[in-house]
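Only one structure is covered here, and it is reproduced in the block below.
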Amino acid sequence: MISSRLFPRLLLSFLLLSAVPLAGLAWLYTLTFERTLQQSQLDNLASLADKKVDQINTYLDERLADSRLLANSADTHDALKSLSLLMPHEGSGSRRYLAAENRHREYFRTLLENTGFYDLLLTDATDNVVFSVLHEPDFGSNMNTGTYRDSALAEAHREAMALLGSQITSARPYAPSGDKPAIFVVTPVLKDGKILGTVALQLDLDKLTQVTADTTGLGDTGEAALAQREGDQVLYVSPLRRLPDAAFSYRVALNKTASATQAALNGERGAGLAADYAEGEVIAAWRYLPALHWSMVVKMDTAEAFAPAIQLRRFTLFAIGALLLVASLVALIFGRLIATPIRNLTAATVHMAGGNLSQRAPVEGAAEFRQLAVSFNSMAENLSASARELEQKVEQRTAELKHTNAQLIDEARERERAENNLKLLNQELEQRVEQRTELLLAAKHEAERSNAAKSEFLSRMSHELRTPMNAIIGFSQLMESDPTHSLSETQQDNVHEILHAGRHLLELINEVLDLARIESGRLELSPEPVALAGLAQECTALMRPQAEQKRIALSITITGNDSGCTVLADRLRLRQVLLNLLSNGIKYNRAGGSLTLGCQPVDSGWLRITVRDDGIGIAPDFLPRLFMPFERFDSAYAGTEGTGIGLALAKHLVEGMGGSIGVDSQEGQGSTFWIELPAAGREEPLAESATPASPVTAVAGERQHTLLYVEDNPANMRLMRKIVGGRVGLTLLEAGNAERGLELAVTRRPDLILLDINLPGMDGFAALRQLRDNPATRDIPVIAVTANAMPKDVARGMAAGFADYLTKPLDVQQFLSAVTHLLERSSGTAHR
Amino acid sequence: MSARWKLVLALTLPSIVVIAAIVWQIYSRAAPNIRIGVLHSLSGTMAQSEKPLVDAVRLAVEEINAQGGLLGRKIEIVVADGKSDSNVFAAEAERLISEEKISALFACWTSACRKAVKPVVERHRHLLFYPLQYEGLEQSPNILYTGSAPNQQIVPGTRWAVQKFGPRIYLVGSDYVFPRTANIIIRDLVAATGGEILAERYVPLGETSVAAIIADIRRKKPDVVLNTLNGDSNAAFFSGLLEAGLAAQPLVSFSVAEGEMQAWGGDRLDQHYGVWSYFQSLPQAENQRFVAAWQARFGVSQPTSDPVEAAYVGVLLWAQTVRDVGSSEPGRVNPALLRQTIRSPSGIAAVDAQTRHLWKALRIGKVRPGGQFEQITASNELLRPAPWPHYRSREAWDTLIRASAREELP
C-alpha cells in the first residue's frame, strides 16, 4: 500500500529533477548541434567550392597571362613574321620552312613543357596556322577558308583579330585533336599597331578537370561536378562519382538536371540542401564560372554530412533511456528504503491491533525510523504488561465459569443421549412404514392392473353379448308386433318371456358395464338440483307392479314440504340407485311387508334419503361386504333374481355424486338403506322429455327410399331385412363389407346408409371418411349401427360425422323413428 | 485556493517573470540598421542622369528589406547630393564614410567624379560601387565597376559599326577622359583592322553649338558616326543632324540610354543605334520582373537603363556578399565580392576577380520612337572585362591619355 503510493511520487520527482531537464537539454543541444553542423558543412562545401573555382580561374588567368606574354614577345613576332612568309609560298614541308620552324620550335616546346599546355599554335593575319608544336591536322590549314574554319579556334582567332582582345573559347570537341574537347586561349599579336596574327594556347583540359578529382574534405560521398550549358541541354565536363565516364559525354535536359546545377548555370551562387543528379538528397554549394560558362556543384550526401548528428541523436536517446532507467531504479530503491520500515511498523501495529501484543517492530532503516520503532516497542511493552494483568483476572473468572459450564455440559449430554435413542426408534418406525407402504403400493398396482383387465374384459364381453342379443330381442319384437302373422296366446307368452329374459340380460350387461365404467373412472356424472318428491313418485310408480306381486305396501314419507327435499345429484343415476334400492327392498322382503322411501334433512345442508323395509335384515358379519360387487346375501335368498352388483354400483354412483351410502340393519327386523347427498336449491323445471316414440309403420311421404346396410354379421343382416322388408317405400341394399358398401353407395346412390363399425378390413370410420370425400356420396346421411355402446365410442362416432349412432341390440321403434327422421330431412333438403 | 497552491505560485511566478524579462531583452534588442551611402548629383547638369541611379539603389534596398533584410537587419540608405561637382563628391564621400558610418558607397556617374572619390575610398579601405560604362584603364582595389569596360562596349560596338556601315568613321565626343580614351582605342582598332578615321571632334561638356561638326559631317559623308558625346550636347547634336537633313546618317551613340534618348530626341533619327549591355526592352523574365517593379515604384514614364541596371545589380552583389561573409564590414565584404555571381535583369552578373569588373554582354539596339532600343544583335557569351587592352602597357596608356587631354580642340 505504502510503496505503491510512495514509489510513483518518488519516480516522478526523480524524473522531474534529473531525467526530464536533462532530456530537454539534450534535445536543445542536439538541435543546436544539428544546425551548427549543417551550417559548418555548408560553409565547408562553400569554401571548397570557392577554392576550386579559384583554382580554375587562376589556371585560366595564368594561361591568359601566358598568352599575352607570348603575344608581346619578340620571339612570337619573329616566328609569325618569318613563318607566315614561308608557309604560303613554300609550304610547311619545305626545307626553308623547316629550318625557320626549327629555330623557334625549341623555344615554344620548352614553354609548352614548362607551363603544361596541350598545344601552341601561331596563326598569321591571313588566317594560316603557320606553327604548331604537335603538328596536328590543323597545322598548315587556313582558319578562314580551310577545313577548320568553323572550329572554336578559328572563331576565337577571328574575334581576337577583330577586337584586339584575348579570347577564351568554351570547351568543345576539336576535330584536329581527334575530337577531344579543347579550350583555346587566343591573343592577337600586334606589332607597332599592326596585327601579325594570333597566338593560341590549346589548354590541357585534364589539368582543369583535375580540380574536381581532389575530393579532400568531401568524405566518401562528396564530389565536385562541372557542367556547361549547350542549348537546352547540360553537358557534364568532369567525371562523376557515379558516372566515371561522364566527362563530355553525359548530357541531361536542362530542366531535368539537378537543381543546384540549374541554379549555377543561371548565374546563381549558393549553398543548401538540393536534389542530386542521382536523385538522392545532397548538401551542396553551387558556383557559376563565367570564364568557361561552367557550373560547379560541390556536394555531399546528406546521410554522410549529417552522420555525426544522427549518431549524436542516437547516443542522446540511448543516454536518456539509460538515465530514465537509473532514475527509476534509484526511485525504486529510495522508495524501498523509506517504505520498508514504514511497512514493517505498520505490519507490527496491525498485528498488535489484531491482539498480538508480543509483536515488536524491527529496528531498521534510517535513524528516524529506528527511533520510531524503539518508541513503538516500548509502548508495546507497556501495553502487554497491562494486558497480562487483565488476562490473569480474566483467567480466574474463566476457571469459575468453566466449572459451571462443565456441569451444564454433562446435563446436556444426558439429554442428548435420550434424544438419540428416540431418534433411533423413530427411524426404525419410519423404515417399517416405508416397507409397508411399498408392499401396499405394489399390491395396489397389482389390483389396479387386474381391475383394468377386468374392465377391459367386461367391455369386450358386453360387445360380444350385445351382438347376439340384437338378434334375439329384435326378432322377438318383430314376432310380437307382426300384424301379418298374429301369434297364438301361448306363442305370445313365450315371445314375451324371451323378450323379458332378453331385456333382463341386457339390463345386467348394462349394469356390469356401468360398474366397469365406474371402476375405470370413465363414468361421467352431471349433478343438478333434483326434487326428490317427483323422483320418488316416478320410482315407486315403476316398482309398484313388482311390489304388488309380493303384496308389499310401498309408501313415501318425505318430511317437510316438496321444495325442502331437493338434492344435488345426477338425476338419472339417482333414479337408478333408488330403483335398485327399492328393487332390493322388494326382493329381500317378506311377503306382505312394507317398504318406505323417505327423506330427512340432516344437519348443515345434507339430506338423507332412506329406503326402509321390514324384511329379514342382514347378518352383521355380512354387513361389511354388502357393498362389494358380486356379493350376494345368498344364504337366505337362494333363487332370488340378482346380479350382486347393484349395491356396489349404487355405492359407486352415490360416492361419485359426492354423497355416501350406508345401511342400518338388525336381523329379523328389517334394514334401512340410506343415502346422504348435499341439499340444493329448487329444482330447475324439468325439460319436457322427448316425445315417446310412436310406432312407425311407414315412412312419411310416398317416395320410394333406398337404404344401404353394411354389415358382416348375417344374423343382423337378416334382422334388418325383416325390419325393412315390412315397410312400404323402403328398399334395402346389402353389403357384407365396407368396400362393397362404398361401391353400392356410388352406383346406387342410396338415401340413407346404415354402417356397422366393426367390419372386416376397412372399418366403419374409414368407410365414412371415403363417403365424405366422394362428392357423389358426400350428402348421404350415414347412421352407425354398432355394438360398441361405450360412451366414448358414441362420442367418437358423432364427432366423425355420423348422422346418428344406434347401439345394438337395436330397439326397432327407436331405429325406425331415427330412419324416418333422417329420410324426411334429406328429402326436404332434396326438394328445396 | 489552498495554501500549498499559493506557495507554488509564489515560487514559480517570480521565476517566470524573470525568465520572460531576459528573453524579451534578448529578442527585443533591435539590431541596428546597415547603412549604405548613395552619392549622386541631385542638382546640376548631371542631376537628370543620376537621379534614376538613386532610385535603382532604393528599389534594390526596398526589395531586400521586404524579404527580411540582411543578417536580420534592415538596410538604411543615406543619400547625399554630389551637385555635379567632383569636389563636392569627394567631400560628401568623406562625410558618408567618416560620419555616417556607411558600409558601402554607391556613387558617381562621370569619370571625373569617380577619380575624385577613388582616393577617398582607397584611403578608408572602403568600398565603392560604380555603375557606369567608362573608358577603362583603371582598377582600384576599393571599387567594383559594374558598368562595361571599353572591350565590352566601345570595341565590339565599333567593329559592328564598321562591318555594318563601312570603314569610314567620324568620331564625335565630349571633351573629357572617357571620349578621348574611347577614341584612342577606336583608332587602335581601325589601325589594326583597316578603315579610316575621317575626323575626331570634341565639344566641351554642356556645349550646344555643334553646327560646325554637323557641317563637317555633311561634307565628309562618313559611313558611320561614332558618338561619345555626354549630356545636353547630344540634344543639340541630334537636332542639328535632323535639321541638316542627316536623319538617315548612321549614328552609333555610346553614352545615350533610354531616358536621355527620349529626352534629347535621339529617336527622331532613322539610323540611330545604341551599344549597351542592358536594354529596358529585354524580353527575359528576370528583366520583366525588374521593369515591372521599377515602374510600380517610380511610375510607368520612368525608363530603366544600363546604368540603372548596373546600379541595381551592384546592390544585389553587395547584399549577397554580406550574406556570404555574415558581415557588412567593407574589409570583409571586399575580397568576397570578387567571387559573386547573380542572376540579373540583363542575364548573369559575374564579378571578374582579376579586374574587379563584371562580365558583361554586348547588345546593340536600334533606337525606336519613344527612345526604347530594339536589340539587333548581342554577344553569344558574356565578355571578359579588360580595362586595359593588353597590347599596350599601362604606363603607355597613361602617357597617351595625358597627351590626348592636352590636345587642342580643333
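Convention: sequence-line order gives letters A, B, ...; per-chain numbering from 1.
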Note, A/P290 side chain near B/R384 side chain (heavy atom, < 4.5 Å)
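A/P290 vs B/R384: side chains apart.
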
Any side-chain heavy atom of A/R287 sitting closer than 4.5 Å to one from B/T341?
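No, every pair of side-chain atoms sits at 4.5 Å or beyond.
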
Atom group of [X] that falls short of 4.5 Å from chain A, counting heavy atoms:
| X | value |
| --- | --- |
| B/Q320 | side chain |
| B/P156 | both |
| B/R343 | both |
| B/D352 | neither |

With a 4.5 angstrom heavy-atom cut-off, is it the side chain or the backbone of A/L196 that approaches chain B, or both, or neither?
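For A/L196, neither part sits under 4.5 Å from chain B.
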
Heavy-atom distance under 4.5 Å to chain B: side chain of A/I168, backbone, both or neither?
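Side chain only.
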
Between atom CD of B/E286 and atom CG of A/N266, what is the distance when rounded to the nearest 0.5 Å?
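Atom-to-atom, B/E286:CD and A/N266:CG are 9.0 Å apart.
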
Heavy atoms only, distances under 4.5 angstrom: which of B/L382, B/L189, B/T193 has the most pairs with chain A? Name it, please.
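Most pairs with chain A among the choices: B/L189.
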
Given the options B/L338, B/D324, B/L383, which has more heavy-atom pairs under 4.5 Å with chain A than any of the others?
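Most heavy-atom pairs within the cutoff with chain A belong to B/D324.
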
Can you name the nearest heavy-atom pair linking B/A192 to A/L164, along with the distance?
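So the minimum-distance heavy-atom pair works out to CB-CD2, 3.7 Å.
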
Max heavy-atom pair count under 4.5 Å with chain B, selected residue of A/D61, A/T58, A/L190, A/V53:
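Option with the top pair count is A/D61.
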
Would A/E159 and B/R159 count as a salt bridge (charged side-chain N to carboxylate O under 4.0 Å, His left out) if you check the C-alpha gap in whole Å, the side-chain angles of each, and the deciding distance to 0.1 Å?
CA-CA 10 Å; A/E159 287 288 301; B/R159 181 228 195 168; 3.0 Å; yes

